[in-house]
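Computed from a predicted structure; not experimentally measured.
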Number of protein chains: 2
Amino acid sequence: MQGKAPLDSTDIRILRCLRKNARISNKDLARQVGLAPSSCLERVRRLRLARVLTGYHADVDPNVLGIGLQAMVAVRLSRHVRSDVDAFEAHLARLPEVVTLFHVAGANDYLVHVAVRDSSHLRDLALTAFTERPEVDHIETQLIFHHQRNHELPVYLDLDDDE
Amino acid sequence: MQGKAPLDSTDIRILRCLRKNARISNKDLARQVGLAPSSCLERVRRLRLARVLTGYHADVDPNVLGIGLQAMVAVRLSRHVRSDVDAFEAHLARLPEVVTLFHVAGANDYLVHVAVRDSSHLRDLALTAFTERPEVDHIETQLIFHHQRNHELPVYLDLDDDE
DNA sequence: CATGAAATGTTTCAAAA
DNA sequence: TTTTGAAACATTTCATG
């Protein structure tokens, strides 16, 4: 008896299918992974409860929402004390313009992917949300020409298929 | 009659709900946006056909898949001719380790978010997939301590609710 | 993990406002 | 465009093998 059950190849197939299309019906999912619908449904429920599956999200065309420009803002903080780090992250997490916040080790402290209306919106955001913050020492903005996500699952596991 | 129908506030509510939870049932979605199930279903179908909704993807805990390390690799190309750019992007798009590829304007040409098993995997990837490529002039790798996505929808539109 | 049965939800369609 | 209602199909839960 183990605390966290290891994944087998069927679990991985389920995760791959739901990653490709999160709105696949349970019947189709069951057929694709070679299970009965009831067994498949129970697997998916287990994977959600175990927090292996952490969420399902629709992708929306940014242009349709009025997002005309995206950028990566590299941020260097003045001091690296816990209170500054926490305050800065909490602040950014509440901005609608922030798509993803990367906390990194290197020349910069953060890489912040932002989505804005246009260049004047970006300028306002750079001032208001970054430069004028007391924790921030320096920022550098790079425009994003385009970006593409990879929706395949990288799996670096030895699977437990026989127990 | 217009080529592409503008979105109204109900469409936006649908997009927000599906972004928060792509596996919500049509009945619940209809209730949350204040439509009959049949009308709601037709809206969602329209939004998919119009490529406003571009996909639905499950999120999976990286640790469970054996991903022990993530990094952002900044890449500068030697020459910026179309053939090199296309070859490099096509190459990266086929790597399972690549999570997102950002093509940017600035000091670097690309920011590549990668997910690997461990530091030796990252070292191999840096050599094989980047440094040894003829198009690549220079790379700089930053470890990602953690990153958080924002699943709210930024909407910068004047909505068309009365026609 | 599979089967089968029962309750609930989904999907499509025609008709009407 | 949206709603309603009806019919066909799918989902979900549960008891049983």
Side-chain angles (χ1 to χ4, degrees), chain A residues 1-61 64-65 155 157-163, chain B residues 1-60 64 155 157-163:
Chain A
M1 168 175 153
Q2 307 168 234
K4 39 182 175 180
L7 303 183
D8 65 10
S9 62
T10 303
D11 290 323
I12 296 295
R13 297 237 292 281
I14 289 174
L15 296 177
R16 280 197 217 275
C17 283
L18 286 173
R19 181 127 176 111
K20 197 179 298 175
N21 174 17
R23 274 184 85 81
I24 188 175
S25 75
N26 181 63
K27 187 195 179 191
D28 288 349
L29 179 59
R31 192 177 42 73
Q32 287 197 29
V33 304
L35 285 180
S38 59
S39 314
C40 183
L41 195 66
E42 198 183 324
R43 291 250 192 176
V44 173
R45 241 186 8 155
R46 273 202 320 101
L47 291 169
R48 286 238 59 182
L49 281 173
R51 308 263 183 198
V52 174
L53 278 165
T54 55
Y56 307 106
H57 303 283
D59 282 352
V60 180
D61 179 353
V64 175
L65 301 174
V155 179
L157 293 176
D158 294 325
L159 299 177
D160 294 30
D161 274 349
D162 41 4
E163 303 188 52
Chain B
M1 167 175 154
Q2 307 167 234
K4 39 183 176 180
L7 303 183
D8 65 11
S9 63
T10 303
D11 290 322
I12 297 295
R13 298 237 293 280
I14 289 174
L15 296 178
R16 278 197 219 276
C17 284
L18 286 174
R19 182 129 176 108
K20 196 179 300 174
N21 175 16
R23 275 185 85 80
I24 189 176
S25 75
N26 182 63
K27 187 195 179 192
D28 289 348
L29 179 60
R31 191 177 43 72
Q32 288 197 29
V33 304
L35 284 182
S38 58
S39 314
C40 183
L41 194 66
E42 197 183 324
R43 289 250 193 177
V44 173
R45 245 188 0 161
R46 272 203 319 102
L47 291 168
R48 286 237 59 180
L49 281 173
R51 308 266 184 195
V52 174
L53 278 165
T54 56
Y56 308 106
H57 304 282
D59 282 353
V60 180
V64 175
V155 179
L157 292 176
D158 295 326
L159 299 177
D160 294 30
D161 273 350
D162 41 4
E163 302 190 53

Rounded to the nearest angstrom, tell me the gap between atom [atom1] in [X] and atom [atom2] in [N].
{"X": "B:L29", "N": "C:dG9", "atom1": "CG", "atom2": "P", "value": "15 Å"}
{"X": "A:D28", "N": "C:dT10", "atom1": "CG", "atom2": "P", "value": "16 Å"}
{"X": "B:L41", "N": "D:dT4", "atom1": "CG", "atom2": "P", "value": "16 Å"}
{"X": "A:E42", "N": "D:dA15", "atom1": "CD", "atom2": "C1'", "value": "13 Å"}
{"X": "B:R46", "N": "C:dT12", "atom1": "CZ", "atom2": "C1'", "value": "18 Å"}

From [options], nucleotide with atom closest to [X] side chain:
{"X": "B:N26", "options": "C:dT10, D:dT4, D:dT12", "result": "C:dT10"}
{"X": "A:K27", "options": "D:dC14, D:dA10, C:dG9", "result": "D:dA10"}
{"X": "A:A36", "options": "C:dA2, D:dT1, D:dT3", "result": "C:dA2"}
{"X": "A:S25", "options": "D:dT11, D:dT3, D:dT12", "result": "D:dT11"}

Q: Remember a base hit wins even if backbone is also touched, and classify B:R43 as base, sugar-phosphate or nothing at under 4.0 Å, heavy atoms.
A: sugar-phosphate
**Q.** Considering all heavy atoms, the nearest A:V155-A:R16 contact
**A.** CG2-NH2, 4.0 Å
Q | Under 3.5 Å donor-acceptor, A:R19 side chain and B:H57 backbone | A | no
Q) Between B:T54 and A:D61, is there a donor-acceptor pair closer than 3.5 Å when you use the side chain of the first and the backbone of the second? A) no
Q) If you find the nucleotide of DNA chain D closest to A:I24 and the one closest to A:S38, which residue's nucleotide is nearer the 5' end? A) A:I24
Below 3.5 Å, can you tabulate the donor-acceptor pairs from side chains in residues 25-37 of chain B to any protein atom, sequence neighbours excluded?
from	atom 1	to	atom 2	distance (Å)
B:S25	OG	B:D28	N	3.2
B:N26	ND2	B:P37	O	3.1

Q: Can you establish whether the number of heavy atoms outside A:R46 located under 6.0 Å from its atom CZ is more than 12?
A: yes
Q) Given D:dT12, is OP1 or OP2 found less than 4.0 Å from the side-chain N or O atoms of A:R45? A) no
Q | OP1 or OP2 of C:dA2 under 4.0 Å from side-chain N/O of A:S39 | A | yes
Q: Please figure out whether A:R23 or A:L35 has its closest DNA chain C nucleotide nearer the 5' end.
A: A:L35
